[in-house]
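For reference, the structure discussed in these notes is given below.
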Amino acid sequence: MSDIDGMNVGPRWYVAHTYSGYESKVKASLEKTVENRGLGDKIFDIRIPVQTIVEKVGDVEKTVEVKIFPSYVYIKMVMTDETWHAVRNITGVTGFVGPGSRPTPLSEAEVEALNIEETRKVRLTFAVGDNVQIVSGLFEGYSGVVQSISEDMRQVTVLVKRGRRDMPVELEVSAIKPVD
């Protein structure tokens with residue numbers, strides 16, 4: 001029995017290091033290898049943790065996927081010589097994360113902390129203190145300064161100058177755009 005087979009403790013999450021930009025190619029190649037070699041009972045899941053970020057500019061939304069951990073692929077597998085070689089020999093894989101040639105499985109706490117499931121965030125093109133133009137609603141045509149942004153990134157409070165005083169107005173994110 002080899003050193004790798006002695007590590008077999010059932011299905012666990014392991015992290016494979018890849019060349020930069022090869023994450024998707026490694027995932028696709030590994031999925032094909034699992035299918036061709038009949039390793040579905042030993043390699044269960046392959047993931048590249050990404051965040052889906054929605055960038056908003058006025059009414060226009062653009063969705064972008066950003067890798068949370070570039071150059072890493074997460075693999076839920078039973079560690080055996082066969083699975084170790086299957087992953088290690090994929091073009092683009094430089095090795096497993098762990099000391100020397102011994103892959104180290106992630107602990108349950110690490111898996112929960114990483115939240116390998118996909119997440120969705122919103123990235124705005126303006127920040128608190130920026131000058132913005134109101135493009136829809138009751139105050140359309142007015143400009144102001146962003147005073148605050150809600151935690152869910154859906155509401156914005158803008159200080160609009162009316163006469164001699166500033167008036168805080170709460171608006172949807174889509175109702176404003178940055179002033180050029």
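Nothing here was measured: the structure is a model prediction, and the numbers come from that model.
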Worksheet item: In the single-linkage hydrophobic clustering (I, L, V, M, F, W, Y; side-chain heavy atoms under 4.5 Å), do V179 and L171 co-cluster?
Response: no
Worksheet, complete the sentence: So OG1 of T94 and NE2 of H17: to nearest 0.5 Å the spacing works out to 5.0 Å
Worksheet item: Is Q133 reaching over with its side chain to a backbone N or O of G141, donor-acceptor style, under 3.5 angstrom?
Response: yes
Worksheet item: Hey, what do you get for OH (Y142) to CE (M167), rounding to the nearest 0.5 Å?
Response: 7.5 Å
Item to complete: Determine yes or no for a side-chain-to-main-chain donor-acceptor pair under 3.5 angstrom, with S150 supplying the side chain and Q155 the backbone.
Response: yes
Worksheet item: Counting distance only, does the side-chain N/O of N89 pair as donor-acceptor with the main-chain N or O of A86 below 3.5 Å?
Response: no
Worksheet, complete the sentence: Distance col, row R37:CZ vs K32:NZ, nearest 0.5 angstrom, shows 13.5 Å
Worksheet item: Which heavy-atom pair separates V26 from T91 by the least distance, and what is that distance?
Response: CG2-O, 3.7 Å
Practice prompt. Taking all non-hydrogen atoms of both residues into account, name the closest pair between P168 and Q147 and its distance.
Written response: CB-OE1, 3.9 Å
Worksheet item: Between the side chains of T157 and S148, is a donor N or O closer than 3.5 angstrom to an acceptor N or O?
Response: yes
Worksheet item: How about F69 and Y72: are their ring centroids closer than 6.0 Å?
Response: no
Worksheet entry | Pairwise side-chain contact, I68 with V50, heavy-atom cut-off 4.5 Å (strictly under) | no
Practice prompt. To the nearest 0.5 Å, tell me how far Y74 OH sits from E23 CD.
Written response: 11.0 Å
Fill in: Between OG1 on residue T104 and CZ on residue R12, distance to nearest 0.5 Å
10.0 Å
Discussion item. Does any part of the side chain of L106, heavy atoms only, come nearer than 4.5 Å to the side chain of V15, both counted from C-beta?
Written reply: yes
Worksheet item: Are F139 and V156 linked, directly or through other ILVMFWY residues, by side chains that come within less than 4.5 angstrom of each other?
Response: yes
Worksheet item: Knowing that exactly one of V135, T125, V132 qualifies, which makes a side chain to side chain contact (heavy atoms under 4.5 Å, CB included) with K177?
Response: V135
Worksheet item: Any idea which heavy atoms bring G40 and V34 closest together, and the distance?
Response: N-CG1, 3.6 Å
Worksheet item: Heavy atoms, side chains only, cut-off 4.5 Å: are F126 and N131 in contact?
Response: no
Worksheet item: Where is the tightest heavy-atom contact between A16 and V87, given as atom of each residue plus distance?
Response: CB-CG1, 4.2 Å
Discussion item. Treating T18 as the side-chain partner and G92 as the backbone partner, does any N or O pair qualify as donor plus acceptor under 3.5 Å?
Written reply: no
Worksheet item: Is any side-chain heavy atom of S24 closer than 4.5 Å to a side-chain heavy atom of I48?
Response: yes
Response to the item:
Tightest non-hydrogen contact, residues S20 and S71, listed as CA-OG, 3.5 Å
Worksheet item: Angle class for the F96/Y14 ring planes (parallel below 30°, perpendicular above 60°, tilted otherwise)?
Response: perpendicular
Worksheet item: Is there a side-chain contact between M77 and L39 (heavy atoms, below 4.5 Å)?
Response: no
Worksheet item: In Å, rounded to the nearest 0.5 Å, how long is the span from CH2 of W13 to CD1 of I75?
Response: 9.0 Å
